[in-house]
Amino acid sequence: MEDSRQSKSTKNNTKWGIKVFQEWNRQMVGEDVDLSSIGVGDLCLKLRQFYAEATPKKGQEYHKNTLVNVRAAINRHLNDIGRFDVDIVRDRSFKSANTILDAKLKANVRDGTSKPTEHKKIICKEDMVKINTYLTEENPVLLRYRVWLNLAMHFVSRGLEFHIQLTPRSFKFLTDENDREYVVLNHETTQKNKQGGLNNAEAPSADKRMYSTCQQCPVKSLRNLISKTDPEAKSLLNHCTKEAMLLPGTEEVWFSTKPVKQYQFARFMGDISRNAKCTQLYTAHCLRATAIQAMSDAGFDLRHIMFIMESRYDMLIAKC
């Protein structure tokens with residue numbers, strides 16, 4: 001059932017991306033591009049122009065993620081129609097088009113013309129304090145909320161698909177040269193979920209890490225959740241048991257083998273902000289926008305922020 005939902009979501013995203021691309025073509029040349037027959041060179045030229053000139057109907061500029069998502073949608077569509085020899089993300093034949101896209105995204109970020117849309121508001125500091133205070137108490141529901149939020153913030157996840165694919169074995173617990181513990185996604189998980197984004201040559205060389213901290217340690221919370229999950233569970237985030245909900249202090253297992261579904265994850269941030277009495281209700285997308293803004297405020301290099309915005313599983317290093 002979950003696989004079918006993911007498949008439907010991917011198909012809808014592909015359909016949407018092709019619609020954006022073809023609407024621009026109709027506006028510019030009066031007809032759709034025949035993606036089943038267009039040559040590689042002509043497609044590269046078309047994409048160069050599209051990346052450089054395409055704007056929303058309301059003017060201004062597309063959000064920074066939109067054009068990256070459209071590129072991924074076109075790539076999936078080419079694969080769906082049997083053009084397995086064409087990869088507009090990684091093929092060197094499309095290097096000039098991708099260079100134009102990267103340059104435009106960086107220019108828009110620098111100029112402030114590409115900002116989070118209304119449903120991706122940045123969580124204000126006052127509300128972050130309220131959220132952190134609300135999530136301090138140790139009970140099954142709040143522990144699950146806390147781990148979900150920590151992973152979304154530290155790995156700057158793009159979509160809800162990130163969490164439903166995680167298992168208790170998706171992580172490696174390591175220690176750095178300063179004897180400080182951190183967590184990374186294991187290689188299998190990273191490769192399984194890679195989609196679009198920049199090519200390997202453009203990726204930062206360092207592992208994407210979630211570090212331990214002095215207060216409300218995200219690494220400790222993750223360990224705690226895994227230890228209190230039924231050993232037979234195949235998902236990381238699962239339903240709480242009735243016994244643990246009633247008497248958490250007496251139960252060793254807090255989480256069953258029944259995974260939280262994608263539509264339920266979509267409600268998490270609204271429930272958290274409501275229960276924490278925030279000034280407004282936030283969505284899961286706000287976590288990503290907040291993490292990226294925090295990186296910018298902390299002085300992260302623009303090219304690293306751009307990589308993280310295009311990749312599903314990069315990180316925001318937590319500082320003690």
Side-chain angles (χ1 to χ4, degrees), residues 1-6 9 135-176 180-195 207-213 216-269 271-272 284 287-288 291 311-318:
M1 183 65 73
E2 293 297 336
D3 290 341
S4 65
R5 285 199 185 95
Q6 292 177 54
S9 175
L135 295 178
T136 300
E137 186 180 345
E138 198 68 18
N139 69 50
V141 173
L142 297 189
L143 175 61
R144 189 180 60 189
Y145 278 160
R146 189 162 67 246
V147 170
W148 172 82
L149 186 145
N150 284 338
L151 293 176
M153 289 285 286
H154 286 79
F155 290 96
V156 198
S157 58
R158 176 176 295 169
L160 297 171
E161 296 91 346
F162 173 72
H163 299 94
I164 64 175
Q165 295 181 33
L166 295 176
T167 77
R169 292 158 290 283
S170 291
F171 306 92
K172 292 174 65 176
F173 293 82
L174 304 170
T175 303
D176 68 10
R180 186 175 178 186
E181 189 176 28
Y182 65 92
V183 170
V184 296
L185 290 170
N186 62 36
H187 180 74
E188 180 182 352
T189 302
T190 303
Q191 293 303 312
K192 175 183 176 183
N193 296 295
K194 219 166 192 178
Q195 177 181 338
D207 289 336
K208 289 70 181 176
R209 306 177 179 182
M210 180 172 75
Y211 268 96
S212 60
T213 61
Q216 293 185 241
C217 176
V219 176
K220 180 180 178 180
S221 294
L222 178 59
R223 279 190 180 278
N224 193 21
L225 181 136
I226 293 174
S227 71
K228 293 182 177 295
T229 298
D230 188 312
E232 300 298 319
K234 296 182 179 180
S235 297
L236 175 70
L237 299 167
N238 303 282
H239 284 258
C240 306
T241 67
K242 293 180 180 178
E243 295 78 10
M245 290 294 291
L246 293 173
L247 296 169
T250 64
E251 298 296 317
E252 293 186 4
V253 174
W254 283 9
F255 306 100
S256 69
T257 59
K258 183 179 180 181
V260 175
K261 296 183 178 180
Q262 185 170 332
Y263 77 89
Q264 294 170 315
F265 283 126
R267 300 172 181 171
F268 273 16
M269 199 58 214
D271 291 340
I272 291 172
L287 296 175
R288 177 178 168 81
S311 173
R312 281 182 180 268
Y313 303 110
D314 279 284
M315 61 115 198
L316 172 66
I317 296 178

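Here the structure is a predicted model, which means the values were calculated and not measured.
You'll find the side chain of Leu185 reaches within 4.5 Å of the side chain of Leu166, heavy atoms only. Residues Leu151 and Phe171 meet the side-chain proximity criterion, which asks for heavy atoms closer than 4.5 Å. Leu222 places none of its side-chain heavy atoms less than 4.5 Å from the side chain of Asn150. Residues Thr167 and Ser170 are in side-chain contact: their nearest non-hydrogen atoms beyond the backbone lie under 4.5 Å apart.
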Output, in order, the C-alpha distance, side-chain angles, deciding distance and verdict of side chain to side chain contact (heavy atoms under 4.5 Å, CB included) for Leu225 and Trp148. CA-CA 10 Å; Leu225 181 136; Trp148 172 82; over 6 Å; no
Check against side chain to side chain contact (heavy atoms under 4.5 Å, CB included), Ser212 and Arg180: CA-CA 7 Å; Ser212 60; Arg180 186 175 178 186; 3.6 Å; yes
Decide side chain to side chain contact (heavy atoms under 4.5 Å, CB included) for Asp176 and Arg209; before the verdict, give the C-alpha distance in whole Å, the side-chain angles of both, and the deciding distance to 0.1 Å. CA-CA 10 Å; Asp176 68 10; Arg209 306 177 179 182; 4.1 Å; yes
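Every residue was checked against the side-chain hydrogen bond (donor to acceptor under 3.5 Å, both in side chains) condition with Glu243, not counting sequence neighbours, and none meets it. The ring pair (Phe, Tyr, Trp, His ring centres under 6.0 Å) test applied to Tyr145 returns Phe268, not counting sequence neighbours. The side-chain hydrogen bond (donor to acceptor under 3.5 Å, both in side chains) test applied to Arg144 returns no partner, not counting sequence neighbours. Take Asp271 and apply the salt bridge (charged side-chain N to carboxylate O under 4.0 Å, His left out) test, not counting sequence neighbours, and it matches Arg274.
Here the shortest heavy-atom pairing between Ala152 and Leu287 reads CB-CD1, 3.7 Å. In terms of heavy atoms, Asn186 sits closest to Arg169 at ND2-O, 2.5 Å.
Summarising the geometry, atom CG belonging to Leu237 is positioned 11.0 Å from atom CD belonging to Gln264; distances are rounded to the nearest 0.5 Å. A distance of 4.5 Å separates CD1 of Ile164 from CD of Gln262, quoted to the nearest 0.5 Å.
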Side-chain donor-acceptor contacts of residues 252-259 below 3.5 Å, not counting sequence neighbours, with atom names and distances?
residue: Trp254; atom: NE1; partner: Pro248; partner atom: O; Å: 3.0
residue: Trp254; atom: NE1; partner: Glu251; partner atom: O; Å: 3.2
residue: Ser256; atom: OG; partner: His239; partner atom: O; Å: 3.3
residue: Ser256; atom: OG; partner: Lys258; partner atom: N; Å: 3.2

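For the side-chain hydrogen bond (donor to acceptor under 3.5 Å, both in side chains) condition, the pairs that include at least one residue of residues 224-237, sequence neighbours left out, are Glu138-Asn224. Here salt bridge (Lys or Arg N to Asp or Glu O under 4.0 Å) pairs that include residues 217-227, with residues two or more places apart or in two chains, are Glu181-Arg223.
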